[in-house]
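Okay, so here's the structure we're looking at.
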Amino acid sequence: MQDPTFHLLARRRFLPLFVSQFLGAANDNFFKNALVILVIYRLGSESGTAPQVLATVAAGLFILPYFLFSATAGQLADRHEKSRLMKWWKAAEIVIAALGAWALVSHNVALMLTALFLLGLQSTFTSPIKYAVLPEYLRDDELLGGNALIEGGTFLAILLGTIAGGTLVLVENGTALVGWAMLVLAILGFGASLALPRAHGGAPTVTVDWNLAAGTMGLYRLVRHKRDLFSSVLGISWFWLVGATYLSQFPAFAKDVLMADEHVVTLMLTMFSVGIGLGSVLCGYLLKGEVSARHVPFAALAMTLFGVDLYFAAAPAAGGAGLASLSDFLSRPQSWRLLADLLLFAIAGGVYIVPLYAILQAHSDESVRSRVVAANNLVNAGFMVAGAVVSALLLSLGLTPTDLFLTLALANL
């Protein structure tokens, strides 16, 4: 049988979409992390607002458009031909990147936050397009492999963007470097979108409802009464809750529990992202193109097992006085067990998430598929915000990041 995954990267009906979404995800996280690092280390005191508050506001502004405009995004993507819409939104990213670059160079925090909100808005409108158009570009037996590449690529883009943004912005002339890099990424992403094949025609009968509350409720009703779709949405949303919580706790986990420096945080981010990518590709090989959830429960169980072992591996890895360097951290025998747990947890997560996205696409009618994806995005955002709120509450009650990881692992059952 032909390779069910990587051969798609040689197909014009898939590669432009993959490159376009990869560069978009990288650009979003590149700017977001550059902004947060710049605010915390350089501009927080100048703005008159606590840096931690500004960082929290930034995270909230990026996700806010998913709550406000997911319904509209899904309706537009169902009504119009998707490749043309994608080109328009990738062109808009160039304008937003220019605004973000100007904000960085001028050290205008308010303008940076505005640009971040607009990037979140652009992501809100492109997400239903990229997922809903996959079944139009790919054969049924390629859908799982396509989703594996999209998910693996997304996490790799998040990783690269996060590391590059935080690193570049603090070097000499870093804000200018980040600004120019944003523009280059946006232009390359737009260029890739120009090669997108024409998708199926839209459905002109779909009404774009500008009543945001009514549209949001309509999205919920669209998936609520179809068990396979609703179960997939809940499963995907749970994954993003767990994943977002892990990613957000890595800095505190490394510093306060492992007594290690920021390079260890980067290593953990890398292990997590690479693990998701490996698990996504592994899923494609396990199912050989079949859209099926039969491995999902076992992957969820594996996530729990490795999450629990991560809790027990963390305590012996704690060091002595001062923050351990990366080499010191790796010299501890238990650190390798902890990293293995993290990698295997993420691999299981990749096996878990890919079939759920494929089911969402394969089991929804083409005429409503974009709105189904938009409904999933809306619930994902709700779960991630709820996870952040509950995590903050538990941490305020005295739980450590390690305790939080154990709580999530057990809740995963």
Side-chain angles (χ1 to χ4, degrees), residues 59 151 155 227 230-260 264-265 267-269 271-276 278-280 282-283 286 293-318 332 334-357 359 376 379-413:
E151 290 309 304
F155 270 88
R227 184 177 181 275
F230 191 60
S231 296
S232 294
V233 166
L234 291 179
I236 293 168
S237 298
W238 173 254
F239 169 82
W240 281 106
L241 182 154
V242 173
T245 303
Y246 265 74
L247 291 173
S248 68
Q249 293 303 314
F250 282 163
F253 178 59
K255 180 183 177 184
D256 300 333
V257 178
L258 304 180
M259 301 295 292
V264 174
V265 179
L267 177 60
M268 290 194 293
L269 285 170
M271 298 295 282
F272 196 86
S273 301
V274 169
I276 294 291
L278 290 174
S280 299
L282 175 62
C283 182
L286 289 174
R294 65 174 179 267
H295 294 311
V296 171
F298 301 104
L301 179 61
M303 288 170 66
T304 289
L305 292 176
F306 293 121
V308 170
D309 195 65
L310 179 68
Y311 170 82
F312 290 107
R332 306 170 184 165
Q334 285 299 104
S335 296
W336 292 95
R337 175 184 170 188
L338 185 147
L339 292 173
D341 282 330
L342 192 58
L343 178 67
L344 292 168
F345 178 94
I347 289 174
V351 176
Y352 170 92
I353 190 67
V354 168
L356 299 181
Y357 271 111
I359 288 170
N376 173 63
V379 180
N380 290 176
F383 268 59
M384 284 190 284
V385 170
V389 171
V390 172
S391 297
L393 176 62
L394 292 175
L395 291 170
S396 70
L397 293 176
L399 267 69
T400 66
T402 318
D403 296 330
L404 193 58
F405 291 161
L406 179 64
T407 303
L408 274 176
L410 296 176
N412 198 60
L413 286 173

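This one's a predicted model, so the numbers in the text were calculated from it and none came from an experiment.
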Worksheet item: Strictly under 6.0 Å, is that where the ring centroids of Y352 and W240 end up?
Response: no
With the side chain counted from C-beta on, respond yes when [X] and [Y] share a heavy-atom pair under 4.5 Å apart, and no when they do not.
X: F239; Y: L356; answer: no
X: V379; Y: I236; answer: no
X: F345; Y: V242; answer: yes

Between [X] and [Y] (side chain of the first, backbone of the second, donor and acceptor by atom type, cut-off under 3.5 Å), is there such a pair?
X: S237; Y: L234; answer: no
X: T304; Y: L410; answer: no
X: D403; Y: T400; answer: yes

Nearest 0.5 Å, please: how far is [atom2] in [Y] from [atom1] in [X]?
X: L344; Y: L339; atom1: CG; atom2: CG; value: 11.0 Å
X: H295; Y: L301; atom1: NE2; atom2: CG; value: 14.0 Å
X: C283; Y: Y357; atom1: SG; atom2: OH; value: 13.5 Å
X: L305; Y: F298; atom1: CG; atom2: CZ; value: 12.5 Å
X: F383; Y: N376; atom1: CZ; atom2: CG; value: 10.5 Å
X: R227; Y: S232; atom1: CZ; atom2: OG; value: 10.0 Å

Worksheet item: Using the ring of each side chain (for Trp, its six-membered ring), is F253 parallel, tilted or perpendicular to F405, with breaks at 30° and 60°?
Response: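 Perpendicular, since the angle between the ring planes exceeds 60°.
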Item to complete: For side chain to side chain contact (heavy atoms under 4.5 Å, CB included), just list the numbers for V390 and L394, CA-CA rounded to whole Å, side-chain angles, deciding distance to a tenth of an Å, and then say yes or no.
Response: CA-CA 6 Å; V390 172; L394 292 175; 4.0 Å; yes
Minimum heavy-atom distance between [X] and [Y], given as atom pair plus value:
X: M271; Y: A346; answer: O-CB, 4.3 Å
X: V264; Y: A260; answer: CG2-CB, 3.5 Å
X: L395; Y: P401; answer: CD2-N, 4.1 Å
X: R332; Y: L258; answer: NH1-O, 2.9 Å
X: A314; Y: L338; answer: CA-CD1, 3.7 Å
X: I347; Y: L282; answer: CG2-CD2, 4.2 Å

Practice prompt. Using salt bridge (Lys or Arg N to Asp or Glu O under 4.0 Å) as the criterion, list what pairs up with R294, not counting sequence neighbours.
Written response: E290
Item to complete: In sequence, state the C-alpha distance, the side-chain angles, and the governing distance for F312 and R337, and then conclude on side chain to side chain contact (heavy atoms under 4.5 Å, CB included).
Response: CA-CA 10 Å; F312 290 107; R337 175 184 170 188; 3.7 Å; yes
